Amino acid sequence: MSSKIRRSMPLFPISTVMKLTDLSARQIRYYEEHQLIHPERTAGNRRLFSLYDIDRLLEIKDLLDEGINMAGVKKILVREDESVHNQLKADLQKEKKVSSDEEVRKLLRKEFINAGRFYRNDLPPGDRFRYFH
DNA sequence: TTTCTAACA
DNA sequence: TGTTAGAA
């Protein structure tokens, strides 16, 4: 579980992400506008990307290269997010720790503060742990 | 210097 | 998607 936390740690400025993904700053910001990634922000409003964000950008790039449009990419990534959520829920239920989606979110809030795919800093504080769709 | 937002001869 | 202006 600690690996997930490390992968979600906000570390890189956009210049580094541009080099790692070979995407333009415009493209990276555009994908954020479309809710495909949710990079953290510094006190000075600069974006800080995690390894999860980098992975997602690479996935987005691959899907786009395959000819899939934004709407399609969004659907695919949302499905993946839901899959991750359901897998986590299944694991937790197996351990008899929780059962409802609400309980899954509650536990996530406790264990993955700022965890990449589950935390949305673009929503009001009380709604930040809702899942995508 | 780098990054941000907003906007478009 | 690129590019640029003006601000931070």
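Protein chains get the first letters and strands the later ones, always in sequence-line order, with residue 1 at the start of each. Because the structure is predicted, anything quoted here is derived from the model rather than measured.
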Shortest non-hydrogen pair, A:Asp53 vs A:His38, comes out as OD1-N, 4.0 Å
Show which side-chain atoms of residues 66-73 of chain A pair as donor or acceptor with protein atoms under 3.5 Å away, not counting sequence neighbours.
from: A:Asn69; atom 1: OD1; to: A:Ala71; atom 2: N; distance (Å): 3.2
from: A:Asn69; atom 1: OD1; to: A:Gly72; atom 2: N; distance (Å): 2.7

Hey, could you give me the [atom1]/[atom2] distance between [X] and [Y], rounded to the nearest 0.5 Å?
X: A:Leu36; Y: A:Ile28; atom1: CG; atom2: CD1; result: 12.5 Å
X: A:Gln27; Y: A:Met18; atom1: CD; atom2: CE; result: 9.0 Å
X: A:Glu33; Y: A:Arg26; atom1: CD; atom2: CZ; result: 7.0 Å
X: A:Asn86; Y: A:Asp81; atom1: CG; atom2: CG; result: 11.0 Å

Apply side chain to side chain contact (heavy atoms under 4.5 Å, CB included) to [X] and list each qualifying residue two or more places apart in sequence or on a separate chain.
X: A:Arg47; result: A:Arg29, A:Glu32, A:Pro39, A:Arg41, A:Phe49
X: A:Lys75; result: A:Arg79
X: A:Thr16; result: A:Phe12, A:Pro13, A:Leu20
X: A:Thr42; result: A:Arg46, A:Leu48

Output all residues satisfying salt bridge (Lys or Arg N to Asp or Glu O under 4.0 Å) with A:Asp62, sequence neighbours left out; order by chain, then residue number. none
Are any protein N/O atoms closer than 3.5 Å to N/O atoms in nucleotides 7-9 of chain B? If there are, list each pair with its distance.
none

Kindly say whether A:Thr21 contributes a backbone atom to a donor-acceptor pair with the side chain of A:Lys61 at under 3.5 angstrom? yes
If you assign each of A:Tyr30 and A:Gly44 to its closest nucleotide in DNA chain C, which residue comes earlier from the 5' end? A:Tyr30
What dot-bracket string describes DNA chain C from 5' to 3', counting Watson-Crick and G-U wobble pairs whose defining distances are under 3.5 Å, with [ ] for crossing pairs and | for pairs to another strand? .|||||||
Check: protein-nucleotides 1-3 of chain B nitrogen or oxygen pairs below 3.5 Å:
from: B:dT2; atom 1: O2; to: A:Arg46; atom 2: NH1; distance (Å): 3.4
from: B:dT2; atom 1: O2; to: A:Arg46; atom 2: NH2; distance (Å): 2.3
from: B:dT3; atom 1: OP1; to: A:Ser15; atom 2: N; distance (Å): 3.4
from: B:dT3; atom 1: OP1; to: A:Ser15; atom 2: OG; distance (Å): 2.6
from: B:dT3; atom 1: O4'; to: A:Arg46; atom 2: NH1; distance (Å): 3.4
from: B:dT3; atom 1: O4'; to: A:Arg46; atom 2: NH2; distance (Å): 3.3

Do A:Ile60 and A:Leu23 have side-chain heavy atoms sitting under 4.5 Å apart? no
Bounds of contact between DNA chain C and chain A, in 5' to 3' order, using a heavy-atom cut-off under 4.0 Å: C:dT1 to C:dA8
For residues 60-71 of chain A, which residues have at least one heavy atom under 4.0 Å from DNA chain B? none
Only pairs at least two apart or in different chains count here, so list each ring pair (Phe, Tyr, Trp, His ring centres under 6.0 Å) that has a residue in residues 13-34 of chain A. A:Tyr30-A:His34
